[in-house]
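Below is one structure; the comments refer to it alone.
By convention in this document, chain letters (A, B, ...) are assigned in the order of the sequence lines, proteins followed by strands, and residues within each chain are numbered from 1.
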Number of protein chains: 2
Amino acid sequence: MTETTKTIDVMPEAVRRFILHWGDMGQNWGVNRSIAQIHALLYISETPLPADVISESLGVARSNVSNSLKELMAFKIVRRVPVAGDRRDHFTAETDVWELARRIAAVRKAREIDPALETLAHCLSDAEGDAGVSDEQRRRLREMHAFTSDMDRWYSQMQALPVRTLTRLVRLGDRIVALLGLAKS
Amino acid sequence: MTETTKTIDVMPEAVRRFILHWGDMGQNWGVNRSIAQIHALLYISETPLPADVISESLGVARSNVSNSLKELMAFKIVRRVPVAGDRRDHFTAETDVWELARRIAAVRKAREIDPALETLAHCLSDAEGDAGVSDEQRRRLREMHAFTSDMDRWYSQMQALPVRTLTRLVRLGDRIVALLGLAKS
DNA sequence: CACATATTTCTGTTATGACAGAAACAACTA
DNA sequence: TAGTTGTTTCTGTCATAACAGAAATATGTG
């Protein structure tokens with residue numbers, strides 16, 4: 001490929017803007033611009049793309065693309081696919097947004113909730129045997145631990161539901177409360 | 001206060017460890033150590049503390065404490081309280097963990113979902129009028145927008161429920177599916 | 001095996017965020 | 001008003017993360 005055909009240049013303005021904005025939004029989500037842009041490009045692309053095309057399209061270094069793809073694959077929202085007649089690996093993104101969200105949630109839980117739960121369990125067991133800790137302080141540690149444990153279980157269970165069910169639950173929104181008769185009592 | 005009575009030193013080991021670990025865990029949550037430690041200290045402290053005591057207790061600069069408290073107050077999980085006979089502002093943390101989670105979720109929604117929704121709506125309206133965007137691409141943008149919109153609504157509605165109800169919903173976990181008869185169909 | 005091509009790891013640079021300490025700015029009291 | 005105490009803003013330093021480009025390492029193919 002001698003002449004650099006920048007994919008992003010031949011894309012319609014609306015798509016180009018999507019990729020750029022998605023990259024910016026990544027900041028709010030704790031992912032860096034490169035990763036977010038690459039994900040956006042693969043999400044909107046109708047065909048799998050090889051790493052060097054991604055690199056040229058977005059103007060990021062080849063090595064950066066490699067590392068970013070690795071991370072996206074760790075999130076399980078991008079996967080490697082073979083393309084007939086091309087030795088290069090091609091990559092494609094998950095296009096089901098609910099599945100996407102679930103995968104991201106799984107990683108978030110692993111990063112944010114699991115370590116917290118472990119740490120709190122440890123603090124708690126220390127506190128139980130420590131006369132220097134007041135009853136109120138012990139109570140607070142216990143509450144924090146119980147809450148984290150609740151969230152841990154809830155995430156796991158929601159995670160395990162089929163996307164179809166999850167969609168319905170979310171779409172029900174607060175009507176769920178009336179349906180369950182939880183409002184009173 | 002000539003002699004530096006470091007609060008954290010007179011605290012039992014279990015409590016000290018909680019504060020330190022909470023500070024580390026903050027990294028996973030996207031908050032810096034100072035803020036997380038200060039929050040932990042206030043959460044576990046049975047009495048409101050003034051800024052300089054916090055500063056000495058944790059060994060962080062007074063200015064840092066000031067800024068961190070400002071941010072914690074922006075999250076609405078720490079508040080200023082007056083203490084009789086002391087001119088200094090004292091600070092105390094929300095001790096209801098569910099309320100705490102709700103406040104944090106509100107800020108997260110404002111930072112992560114609201115801007116995304118706005119951006120996607122914009123991209124979408126661009127795409128609708130752009131013949132260069134394929135039907136499939138338009139569909140993907142629409143799906144992403146619809147999903148974000150669903151999450152936006154869901155967050156808002158859950159946010160508005162009383163803590164009591166929220167607790168029950170979470171504790172129900174996936175049993176909710178059976179209760180609603182959502183499993184089949 | 002030689003040679004091409006694809007991918008990952010390494011290294012140095014740059015940009016960003018966290019933070020301390022100083023300075024500026026209240027608000028109160030004698 | 002001068003002095004005291006508490007709070008915020010400013011400035012410079014340091015640590016970390018993002019990133020490009022080069023080097024090293026596969027994985028082919030003739």
In whole Å, I'd like the distance from the [atom1] atom of [X] to the [atom2] atom of [N].
| X | N | atom1 | atom2 | value |
| --- | --- | --- | --- | --- |
| D86(A) | dT5(C) | CG | C1' | 11 Å |
| D52(B) | dG21(C) | CG | P | 16 Å |
| L69(B) | dT9(D) | CG | P | 13 Å |
| H90(A) | dT5(C) | NE2 | C1' | 14 Å |
| F91(B) | dT8(D) | CZ | C1' | 12 Å |
| L49(B) | dT7(D) | CG | P | 13 Å |
| E56(B) | dG21(C) | CD | P | 13 Å |
| N67(B) | dC10(D) | CG | P | 11 Å |

Check your understanding: Run the side-chain contact (heavy atoms from CB on, under 4.5 Å) check on M144(A) and Y43(B) step by step: do they pass?
Key -> CA-CA 10 Å; M144(A) 186 67 82; Y43(B) 175 76; 3.7 Å; yes
So does [X] get a side-chain nitrogen or oxygen closer than 4.0 Å to the phosphate oxygens (OP1/OP2) of [N]?
| X | N | value |
| --- | --- | --- |
| R62(A) | dT7(C) | yes |
| S63(B) | dG21(C) | no |
| S66(B) | dT7(D) | no |
| K70(B) | dT7(D) | no |

With I38(A) as partner, the option from N64(A), V78(A), L49(A), I54(A) fulfilling side-chain contact (heavy atoms from CB on, under 4.5 Å) is I54(A)
Margin query: With a 4.5 Å cut-off on side-chain heavy atoms, are L69(A) and L42(A) touching?
Written below: yes
| said: Just checking R103(B): does its CZ atom have more than 12 heavy atoms from other residues, nucleotides or ligands closer to it than 6.0 angstrom? | reply: yes
Touch class at under 4.0 angstrom, heavy-atom based, for D89(B) against every strand present
sugar-phosphate
Practice problem: Apply salt bridge (charged side-chain N to carboxylate O under 4.0 Å, His left out) to the pair E112(B) and R108(A), showing each step before the final yes or no. | Solution: CA-CA 14 Å; E112(B) 298 177 355; R108(A) 281 209 162 188; 3.4 Å; yes
Rounded to the nearest 0.5 Å, the CG atom of L20(A) sits from the CE atom of M25(A) at a distance of 12.0 Å
Within the sub-3.5 Å range, which N or O atoms of nucleotides 17-19 of chain D have a protein N or O partner, and how far apart are they?
| from | atom 1 | to | atom 2 | distance (Å) |
| --- | --- | --- | --- | --- |
| dC19(D) | OP1 | S34(A) | OG | 3.4 |
| dC19(D) | OP2 | N32(A) | OD1 | 3.1 |
| dC19(D) | OP2 | S34(A) | OG | 2.7 |
| dC19(D) | O5' | S34(A) | OG | 3.4 |

Check: A93(A) main-chain N/O paired with R79(A) side-chain donor or acceptor under 3.5 Å: no
